[in-house]
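Notes to accompany the following structure.
What's counted below: heavy atoms across the whole structure, side chains too, no hydrogens, waters or symmetry copies. The residues of the chain are indexed from 1 along the displayed sequence. Since the structure is predicted, the reported quantities are computational estimates derived from the model, not experimental observations.
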Amino acid sequence: MELSDEIIINAPKDRVYAALNDPEILRQCIPGCEELIKHSDTELEAKVVLKVGPVKARFSGDVQLDTAGAPDAFSLTGQGNGGAAGHAKGGADVTLTADGDCTILRYDAKAAIGGKLAQLGSRLIQSTAKKLAAKFFKSFADVVNEDVAA
């Protein structure tokens with residue numbers, strides 16, 4: 001499964017990059033996130049509850065960040081396990097481009113799933129993933145915009 005999109009955030013690029021590295025902001029924005037622990041500048045651990053069609057599961061997983069191109073670009077890879085519901089792994093490449101006082105955030109993500117989740121059908125999984133990504137980025141933009149306004 002592949003997802004890509006771009007969103008315009010009404011904040012300077014350095015502010016957006018800092019927010020993307022703030023575990024408290026990310027925890028607020030990730031749908032279903034119960035806990036997000038930053039172990040280092042490149043390692044995060046998350047606990048997330050998600051409902052995909054009839055399957056609801058608590059996932060725990062690890063995310064690794066590659067910040068070699070920061071603050072213009074970075075990538076992340078991760079994997080999560082939802083017990084009997086299944087597992088997921090994937091990654092994303094994110095680029096930030098300054099556009100006046102705004103920042104254009106683009107992402108290209110790939111994910112693979114297994115277990116009960118994989119049996120639900122690719123269209124349901126794809127549409128759910130798109131909704132979750134859209135919800136995350138809308139929440140993220142709202143939080144960053146509120147910080148800039150304050």
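- When all heavy atoms are compared, the tightest approach of Tyr107 to Leu105 is CD2-CD2, 4.1 Å.
- The shortest heavy-atom contact between Leu50 and Val48 is CG-CG1, 3.8 Å.
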- [ ] Show your reasoning for whether side chain to side chain contact (heavy atoms under 4.5 Å, CB included) applies to Ile9 and Phe140.
- [x] CA-CA 9 Å; Ile9 300 172; Phe140 180 78; 3.6 Å; yes
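- Residue Leu65 holds its CG atom at 9.0 Å from CG of Asp41, rounded to the nearest 0.5 Å.
- Considering CG of Asp66 and OG1 of Thr77, their distance stands at 8.5 Å, rounded to 0.5 Å.
- Hydrophobic clustering (side-chain heavy atoms under 4.5 Å, transitive across Ile, Leu, Val, Met, Phe, Trp, Tyr) keeps Phe137 apart from Ile104.
- With values rounded to the nearest 0.5 angstrom, Asn21 atom CG is found 7.5 Å from Thr67 atom OG1.
- Residues Val143 and Cys29 come closest through the heavy atom pair CG2-SG, 4.0 Å.
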Open item on the list: Determine whether Thr103 and Val144 satisfy the following criterion, side chain to side chain contact (heavy atoms under 4.5 Å, CB included), listing intermediate values before the conclusion.
Closed with: CA-CA 11 Å; Thr103 302; Val144 173; over 6 Å; no
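- For the pair Val52/Leu120, a side-chain contact is recorded, criterion being any heavy-atom separation below 4.5 Å from C-beta on.
- To the nearest 0.5 Å, the span separating CD1 on Ile30 from NZ on Lys47 amounts to 13.0 Å.
- At a threshold of 4.0 Å, the pair Lys38-Asp22 does not count as salt-bridged, since none of the basic side-chain nitrogens sits closer than that to a carboxylate oxygen.
- Pairing each heavy atom of Ala85 with each of Val55, the nearest pair is CB-CG1, 3.7 Å.
- By the ring-ring contact (aromatic ring centres under 6.0 Å, His included) test, Phe59 pairs with no residue at all, sequence neighbours left out.
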Task: Residue pair Glu43, Asp62: steps toward the side chain to side chain contact (heavy atoms under 4.5 Å, CB included) verdict - done: CA-CA 7 Å; Glu43 292 179 46; Asp62 298 308; over 6 Å; no
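- Taking a 6.0 Å sphere around CD of Glu45, one finds it holds more than 12 heavy atoms contributed by other residues, nucleotides or ligands.
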Task: Stepwise side chain to side chain contact (heavy atoms under 4.5 Å, CB included) test for Leu20 and Phe74 - done: CA-CA 10 Å; Leu20 285 169; Phe74 63 93; 3.7 Å; yes
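- Under a cut-off of 6.0 angstrom, the local environment of NZ in Lys13 is crowded, with over 12 non-hydrogen atoms contributed by other residues, nucleotides or ligands.
- Asn10 contributes atom CG, which lies 10.0 Å from atom CG of Asp99 (distance to the nearest 0.5 angstrom).
- Across Leu96 and Pro71, no two heavy atoms sit closer than the pair CD1-O, 3.5 Å.
- Scanning both residues, Pro31 and Phe136, for their nearest heavy atoms gives CD-CB, 4.1 Å.
- The environment of Lys51 atom NZ is dense: over 12 non-hydrogen atoms of other residues, nucleotides or ligands sit within 6.0 angstrom.
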In residues 1-8, what donor-acceptor pairs under 3.5 Å come from side-chain atoms, sequence neighbours left out?
| residue | atom | partner | partner atom | Å |
| --- | --- | --- | --- | --- |
| Glu6 | OE1 | Arg106 | NE | 2.8 |

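- How far NE2 of His87 is from OG of Ser60: 13.0 Å, rounded to the nearest 0.5 Å.
- By the rule that hydrophobic residues join a cluster once side-chain heavy atoms approach within less than 4.5 Å of another member, Val63 and Ile37 end up as members of separate clusters.
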